[in-house]
K.L.:
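To start, I am sharing the structure in question, which I have written as structure tokens.
First the proteins, then the strands, lettered A, B, ... as listed; each starts at 1.
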Amino acid sequence: SDEGNGGSGGGTEKKAKIGVILPDSASSARWETADRKYLEAAFKAAGVDFEIKNAQGDKAQFQTIADQMITGGITVLMIVNLDSGTGKAVLDKAKAQGIGTIDYDRLTLNGGADYYVSFDNVKVGTLQGEGLVKCLTDGGAKNPVIAELNGSPTDNNATLFKQGYDGVLQPKYDSKEYVKGPDEFVPDWNNTQAGTIFENMMTKTSNKIDGVLAANDGLGNAAIAVLKRNKLNGKVPVTGQDATVQGLQNILVGDQCMTVYKAIKKEADGAAELAVALANGQTPTGLTTVKDTESGKDVQSKLLEPVAIYKDNVKDVVADGYVTKEELCAGSFADLCTKAGIS
Amino acid sequence: MTNAGTTQPVASLTAHVAAYWRRVRGGDMGALPAVLGILVLVVGFSLARPVFFSATNFANLLFQGAAVTVIAMGLIFVLLLGEIDLSAGYTSGVCASLAAILMLEQHMPWYFAIAIALLTGVVTGLVLGMLVSKVGIPSFVVTLAAFLSFQGVLLLIVKQGQIISIQDSTILKIGNNNLPIWAGWVFYGVSIAGYAGVQLYRTLRRSAKGLTRDPMSLVALRIGALAVAGGVAVYILNLERSFNPARTSLRGVPIVVPIVVILLVALTFVLSRTTYGLHLYAVGGNVEAARRAGIATDRLRISAFVICSTLAAIGGIIAASRDNSVSPTSGGSNVLLYAVGAAVIGGTSLFGGKGRVLDAVLGGAVVAIIDNGMNLLTESSWIKYVVTGLVLLAAAGVDALSRRRAAARGLS
Amino acid sequence: MTNAGTTQPVASLTAHVAAYWRRVRGGDMGALPAVLGILVLVVGFSLARPVFFSATNFANLLFQGAAVTVIAMGLIFVLLLGEIDLSAGYTSGVCASLAAILMLEQHMPWYFAIAIALLTGVVTGLVLGMLVSKVGIPSFVVTLAAFLSFQGVLLLIVKQGQIISIQDSTILKIGNNNLPIWAGWVFYGVSIAGYAGVQLYRTLRRSAKGLTRDPMSLVALRIGALAVAGGVAVYILNLERSFNPARTSLRGVPIVVPIVVILLVALTFVLSRTTYGLHLYAVGGNVEAARRAGIATDRLRISAFVICSTLAAIGGIIAASRDNSVSPTSGGSNVLLYAVGAAVIGGTSLFGGKGRVLDAVLGGAVVAIIDNGMNLLTESSWIKYVVTGLVLLAAAGVDALSRRRAAARGLS
Amino acid sequence: MTSEDTPLLELRGLHKSFGPVQVLRDVDFAINAGAVTALVGDNGAGKSTLVKCISGIYGHDSGEFLFDGRPVNIHGPRDAAALGIEIVYQDLALCDNLDIVQNMFLGRERRVGLVLDDDTMEQLAAKTLSDLAVRTVKSVRQRVSSLSGGQRQTVAIAKAVLWNSRVVILDEPTAALGVAQTAQVLELVRRLADSGLAVVLISHNMNDVFAVADRIAALYLGRMVAQVKASEVTHAQVVELITAGRSGNLGLPPENGSSSNADNGVES
Amino acid sequence: MTSEDTPLLELRGLHKSFGPVQVLRDVDFAINAGAVTALVGDNGAGKSTLVKCISGIYGHDSGEFLFDGRPVNIHGPRDAAALGIEIVYQDLALCDNLDIVQNMFLGRERRVGLVLDDDTMEQLAAKTLSDLAVRTVKSVRQRVSSLSGGQRQTVAIAKAVLWNSRVVILDEPTAALGVAQTAQVLELVRRLADSGLAVVLISHNMNDVFAVADRIAALYLGRMVAQVKASEVTHAQVVELITAGRSGNLGLPPENGSSSNADNGVES
Ligand SMILES: Nc1ncnc2c1ncn2[C@@H]1O[C@H](COP(=O)(O)OP(=O)(O)OP(=O)(O)O)[C@@H](O)[C@H]1O
Ligand SMILES: Nc1ncnc2c1ncn2[C@@H]1O[C@H](COP(=O)(O)OP(=O)(O)OP(=O)(O)O)[C@@H](O)[C@H]1O
Ligand SMILES: [Mg+2]
Ligand SMILES: [Mg+2]
């Protein structure tokens with residue numbers, strides 16, 4: 001799709017410019033705090049023009065931003081779709097204008113983007129499931145009752161995460177090794193609502209919950225707040241995702257069992273590399289392929305591995321520069337940091 | 001009228017201009033503040049980002065603002081009665097999703113699917129209206145309950161976070177395609193001719209009856225102004241907007257434009273020229289007086305909710321078409337607040353009795369321009385939120401200050 | 001009063017009961033429908049899920065409903081004037097986040113942080129109120145703009161989407177801890193004594209002045225009823241709620257209860273016993289009459305927004321304490337709609353002039369009970385949404401039908 | 001000018017209370033075609049409430065309505081209008097956001113097909129207003145919110161007399177009117193009655209009452225204490241009936257206000 | 001009963017228009033302490049507008065206000081109240097959601113410390129109402145929305161006379177009142193003037209005007225056409241002034257309505 005780039009346009013040689021649309025800032029901290037930062041750095045390093053916008057979870061906004069980027073003369077469009085439909089509409093528009101396309105983090109089904117760079121969301125869920133199993137096993141739980149605190153019912157990623165951890169947990173339920181407890185979605189990933197929902201889960205089961213699969217650190221923290229009220233924090237393992245400062249601190253204290261760290265820098269760097277290559281008309285190498293389940297076609301992909309973070313490898317996240325020691329080890333956490341080998 | 005000699009049937013054009021100027025200086029500005037606000041926004045954004053003022057972006061604006069504008073048009077009927085419909089956003093989502101799923105899973109033809117979506121809108125409005133007028137629950141509570149329920153229904157329809165894509169090409173055209181060049185001009189011609197016809201007919205009729213009427217020159221001026229403005233707009237939209245015309249051509253009036261214009265004309269007619277519309281204003285102004293005049297206020301209330309929900313369904317279909325899909329967030333987020341905001345910014349009162357369909361279009365334009373312009377202006381999302389709020393405030397402030405001046409002079 | 005012989009200063013208790021029964025039959029029910037609605041909800045959910053009717057869940061309900069109730073209390077001041085504050089939810093989020101970040105990053109002591117949060121609330125209200133009353137922008141638009149801006153501010157404060165945890169133990173206590181057993185009883189004693197004192201003082205005073213007054217037996221009945229209800233509640237809350245008392249003991253009145261009760265008493269006093277409160281009702285009932293009576297309506301309007309935003313800040317702190325953190329979703333989602341809904345369900349009118357602080361508590365209880373009960377009832381999200389809506393509708397329907405009956409009899 | 005055999009509209013045994021407050025007690029009231037019946041009574045006697053019961057704005061607790069001798073049920077203003085009853089209410093109930101023409105024709109708009117016939121209505125409204133001696137209204141397209149008290153009242157009166165009705169009830173129609181306008185309205189009242197309508201005039205002004213009324217009905221504290229021919233009573237007697245409920249052998253029996261009361265003064 | 005040297009309140013050259021509609025033109029108006037000044041004029045003449053300009057509800061386009069001989073600026077009802085001007089408006093402006101006592105004391109509540117002194121206010125309100133011959137109000141704790149037209153008007157009047165004011169302006173206060181109540185209010189008006197207040201009475205009822213007024217001011221189409229002693233004009237003359245703007249040598253000069261008009265009838 002890039003060959004014609006140099007000659008097309010009949011004289012007006014277009015300067016390489018990359019447009020990125022991020023999905024929102026409420027569902028996860030990563031988009032604004034990490035992705036934007038790393039992408040900016042990578043683009044600057046490569047010396048290309050770029051703009052990065054956030055659709056704030058609004059599909060109409062998403063479209064609007066895309067329209068405007070196309071209007072603004074970008075040559076490569078990189079999107080994190082809000083859903084495949086909107087994503088496809090935007091990709092189609094871009095392709096019609098001869099713009100190179102990259103799906104970032106989320107695959108647009110039937111969208112036909114040139115490349116796909118991502119963590120595997122189902123894999124994230126799998127790590128969460130495995131993490132919970134590990135923590136329960138370490139704690140020596142017998143027939144533990146598991147509560148699942150899923151993400152927003154309107155977020156397809158929440159469904160993918162759930163697919164991942166249920167893949168681990170379901171067999172255990174089936175084998176009667178674990179007991180399936182309450183299992184609910186949290187509207188808008190709202191932490192306050194998560195607190196209410198988890199509190200009622202506790203009431204419903206007479207506090208007999210032995211493990212909490214929380215889909216991200218925010219939901220995990222909401223559950224931990226309720227557990228604290230019942231003085232059960234630290235005794236009931238809770239999972240998370242995103243390796244937020246708070247989540248990591250909860251892990252250091254021992255209230256949270258694990259979180260999933262997506263080395264966003266690697267993802268961002270990988271995507272930026274592809275984008276720059278596209279913009280410059282080069283063909284990248286070393287890619288795998290992912291099957292688009294809807295169109296049945298293979299998409300050229302760069303897939304990155306999420307990492308499960310427990311107390312003993314919190315230091316890796318700091319080492320990666322994803323969180324700083326100052327944030328993490330403030331105040332009462334200094335000792336814990338030292339103990340966890342963070343320096 | 002009976003005060004001898006103060007009004008002549010036909011005042012001269014200059015007298016009219018003078019009177020208008022006096023009214024404006026007195027603070028009675030009609031649509032002027034809203035139009036001025038739009039102008040200021042356009043100039044401001046264009047200076048900040050020249051690309052804002054391009055044919056492409058103009059077309060984008062129209063696509064972007066259409067759905068909210070249509071939903072706002074419906075809301076105006078409900079607001080006129082002093083009621084509110086908090087569920088209009090999700091109604092749009094539910095109706096559109098129903099259409100989408102029927103096309104996808106039942107392979108229904110698009111016209112059937114749309115008919116069912118509209119019917120769902122009608123039934124929704126009927127139920128809401130009955131609960132408000134027959135049972136007597138405040139509309140805020142009824143539609144808050146609907147707001148919650150419809151989120152659930154939407155989830156049910158689109159199955160827990162899935163996305164349903166729309167593949168029907170006819171539906172996809174609504175929110176994405178343009179009229180052919182010639183069709184744009186034909187539409188333009190018919191619209192202007194119609195407007196001119198109505199204006200002339202009414203002036204002549206009043207003249208024949210010896211009633212006060214506007215001078216012909218003013219009528220001509222109005223028709224001319226509309227013709228020029230419309231002509232420029234159509235001309236611009238008929239320019240090539242594609243950056244790569246070799247590969248694909250993008251020109252013509254977006255299909256949403258005739259849809260919005262036809263709705264505007266039809267609904268304005270209903271509100272200003274029919275008994276039904278007059279009764280809506282009467283009930284909004286003074287329910288008791290309307291009831292004493294023998295108006296069936298309950299039926300009127302129900303009908304307003306029906307219109308609101310039906311237009312929400314239309315708005316939902318436009319949005320779904322533009323998104324190429326429906327999802328559990330269709331019609332959610334800020335759709336409702338933007339729609340009510342558009343109506344209120346346009347000049348519709350939340351207390352009933354005051355509002356025009358044009359308000360939805362003007363207010364919808366303000367909202368769309370701010371949204372569009374802010375996306376061009378900044379990248380940081382927090383700045384965008386903050387500045388969007390501030391610009392909205394500034395736009396409404398212009399309007400408020402001018403109206404305040406009017407009020408201070410005893411004009412309503 | 002001057003109609004000889006129709007009213008005696010003191011009617012007998014039986015006459016009072018008969019009169020009350022006549023009023024109820026006539027449809028003038030006061031708080032009765034809301035209380036009945038709550039009873040029906042409680043019975044319904046208890047039958048469906050016996051655990052709903054447990055001491056633990058009772059305490060949970062109080063924790064869960066407190067924040068929305070406090071925000072609703074503030075909204076009542078604004079609603080009384082016929083205004084609305086769409087930004088109250090995010091105001092609560094912004095103020096709480098500010099406190100959280102100051103404690104975390106500046107290591108500010110908790111009282112300073114809370115003071116700054118409250119101050120932020122005051123300033124927010126001041127600005128909103130000025131824009132509404134001095135500039136004259138409709139409050140819907142002003143607070144819609146604030147609703148958007150504050151989302152941005154919240155994002156900025158929590159650094160683009162982080163979750164800020166709260167570590168201060170004092171703040172954490174507000175939304176999580178209980179009073180010691182003895183303190184619960186002391187609070188109970190003081191409350192009942194205070195109520196009894198005020199009731200007796202007023203009755204005796206009116207009696208001394210020869211004005212109509214309630215019979216002593218009725219006064220005693222009221223005091224007794226409150227004493228019994230309060231006593232039962234405190235007793236239940238002082239039971240052991242922990243499922244594992246060996247490990248941890250959970251007993252006592254939640255700290256949010258005295259907070260809400262004190263706010264209820266203080267604000268009810270302001271609304272019903274002070275000039276300021278009376279003027280709020282007057283402005284809400286008829287602005288023009290209030291203005292002609294020399295009331296400074298602008299200042300009153302500003303003050304109402306200040307109270308609303310300040311209470312929102314308090315509500316935000318309660319929510320943050322319960323969550324042990326703040327995040328970009330603090331105060332978002334359905335917080336605002338639930339708060340306004342609580343006020344309206346309690347009986348406050350959106351058109352101004354009608355409402356009590358107690359409405360927020362009753363309506364807040366309805367909302368919290370529905371939310372809590374639905375979470376116990378089902379796990380499916382879509383069913384939860386749909387049934388929550390329907391239950392809300394049913395609860396409001398009871399109320400509406402009874403009020404409708406009152407209206408049909410010419411009682412307002 | 002003369003009462004016919006059956007009254008056009010008759011109420012029997014009307015009771016109305018607002019909650020615990022009893023406002024009308026066992027009221028009998030008959031009005032005849034071709035006559036002006038003045039309904040008088042002190043402030044708060046229940047005159048306006050009686051009117052609102054007739055129009056169906058208020059329901060009543062018990063009592064019977066006869067129209068043209070046949071029992072009827074009136075559940076709301078629409079029913080009253082269907083019977084040909086037009087009412088000018090004391091609390092005028094105009095829509096402030098509408099103009100004079102729109103208010104005058106509210107609920108009975110003239111149409112051409114689906115479309116409002118604004119021009120015809122405008123002409124008719126202008127004519128009716130000038131008939132009522134209103135000379136200060138600048139334009140009939142003015143919003144009623146900008147009218148003076150008297151102008152508003154005139155609009156309300158004009159609204160009621162525009163239609164082909166059989167009964168016209170005017171609740172203190174001249175309260176806010178100037179001298180000339182009052183004269184005009186009284187003349188109109190007379191003219192309506194002469195053309196065969198039944199007219200009820202409520203007024204506190206005895207001069208006006210005696211100027212046009214054929215019969216006088218007096219309400220006292222919610223009771224109908226007398227219905228007499230205007231020619232058979234004096235100014236002073238009527239005032240006594242209003243303020244004390246009795247005058248000579250008219251009105252309430254001395255010291256006895258039972259339900260079979262006050263028929264002494266009523267002619268059939 | 002006699003006018004002093006300087007009027008208590010004087011307006012000079014007042015102009016007021018609503019947008020393009022000119023309602024008051026160059027109005028001079030003076031009222032004296034201890035006297036009742038009747039302000040008369042046709043419907044829509046501008047009487048109520050004049051009152052609202054005095055109270056500051058409406059701003060004016062040009063003109064001067066003198067109070068006690070000193071120029072004052074009145075920007076709103078608070079300023080008027082501060083000067084001791086109390087007004088009963090034609091459109092009564094009561095808060096329907098408040099009860100009688102609350103309405104009567106609105107803006108001037110009695111307090112004990114911070115707390116409303118409801119009991120005292122209730123006693124005072126009851127007394128004032130019974131002084132005004134209102135006998136049908138069941139309780140002073142009734143909402144005003146449930147009052148009859150006359151009862152509402154009485155509440156508005158009672159509200160204005162409760163305070164220690166220096167000027168009382170009543171805009172058609174007796175329009176809705178019964179015979180006894182009207183008499184009571186006229187007596188009250190006289191009493192107020194006798195106790196040294198300046199009282200302005202607007203009325204369309206010439207009997208009432210001549211019963212209490214010391215001086216009569218006539219507005220015609222927004223112009224002040226005459227300010228005369230009541231004893232120096234007849235009933236018929238005043239009616240002529242109202243309807244035609246002139247009567248004999250009083251009022252507008254024949255066929256000339258310039259701005260230096262209409263001073264012929266004005267005594268200093
Ligand atoms: N909605 C209501 N609730 C309670 N009492 C009411 C209501 N409406 C009217 N009343 C009472 O009923 C009585 C009769 O009122 P009504 O308006 O019929 O009097 P009226 O004869 O028209 O008096 P007026 O001459 O002052 O207009 C009054 O005492 C009034 O206070
Ligand atoms: N807000 C307004 N806008 C336009 N015109 C107005 C407004 N208010 C009043 N007018 C006009 O001003 C004129 C004078 O009104 P005003 O109320 O002062 O009359 P008035 O002398 O009190 O009459 P009435 O005896 O009927 O009460 C009227 O013609 C009226 O239509
Ligand atoms: Mg009456
Ligand atoms: Mg007047």
K.L.:
Please enumerate all residues that pass side-chain hydrogen bond (donor to acceptor under 3.5 Å, both in side chains) together with B:Thr348, with sequence neighbours excluded.
P.N.:
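With sequence neighbours excluded, B:Thr348 shows a side-chain hydrogen bond (donor to acceptor under 3.5 Å, both in side chains) to B:Asp359, given in chain and number order.
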K.L.:
So which atom in B:Leu393 and which in C:Ile137 form the shortest heavy-atom distance, rounded to 0.1 Å?
P.N.:
O-CD1, 3.8 Å
K.L.:
Tell me, side chain or backbone of C:Ile383 under 4.5 Å from chain B's heavy atoms, or both, or neither?
P.N.:
neither
K.L.:
Tell me, please, which residues at least two apart from C:Tyr338 pass ring pair (Phe, Tyr, Trp, His ring centres under 6.0 Å).
P.N.:
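Partners of C:Tyr338 by the ring pair (Phe, Tyr, Trp, His ring centres under 6.0 Å) criterion come out as none, since no residue qualifies.
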K.L.:
Among residues 139-150 of chain B, which residues come closer than 4.5 Å to chain C, judged by heavy atom distances?
P.N.:
B:Phe140, B:Val141, B:Val142, B:Leu144, B:Ala145, B:Phe147, B:Leu148, B:Ser149
K.L.:
Can you tell me which portion of C:Val340 sits under 4.5 Å from chain B's heavy atoms? Options are side chain, backbone, both or neither.
P.N.:
both
K.L.:
Using 0.5 Å steps for rounding, measure from the CH2 atom of C:Trp382 to the CG atom of B:Leu155.
P.N.:
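C:Trp382 CH2 to B:Leu155 CG: 10.0 Å, rounded to 0.5 Å.
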K.L.:
Would you please name every residue forming a salt bridge (charged side-chain N to carboxylate O under 4.0 Å, His left out) with C:Arg292, sequence neighbours left out?
P.N.:
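So C:Arg292 forms a salt bridge (charged side-chain N to carboxylate O under 4.0 Å, His left out) with C:Glu288, E:Asp91.
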K.L.:
Which value, rounded to the nearest 0.5 Å, describes the distance between C:Asn334 atom CG and B:Gln151 atom CD?
P.N.:
6.0 Å
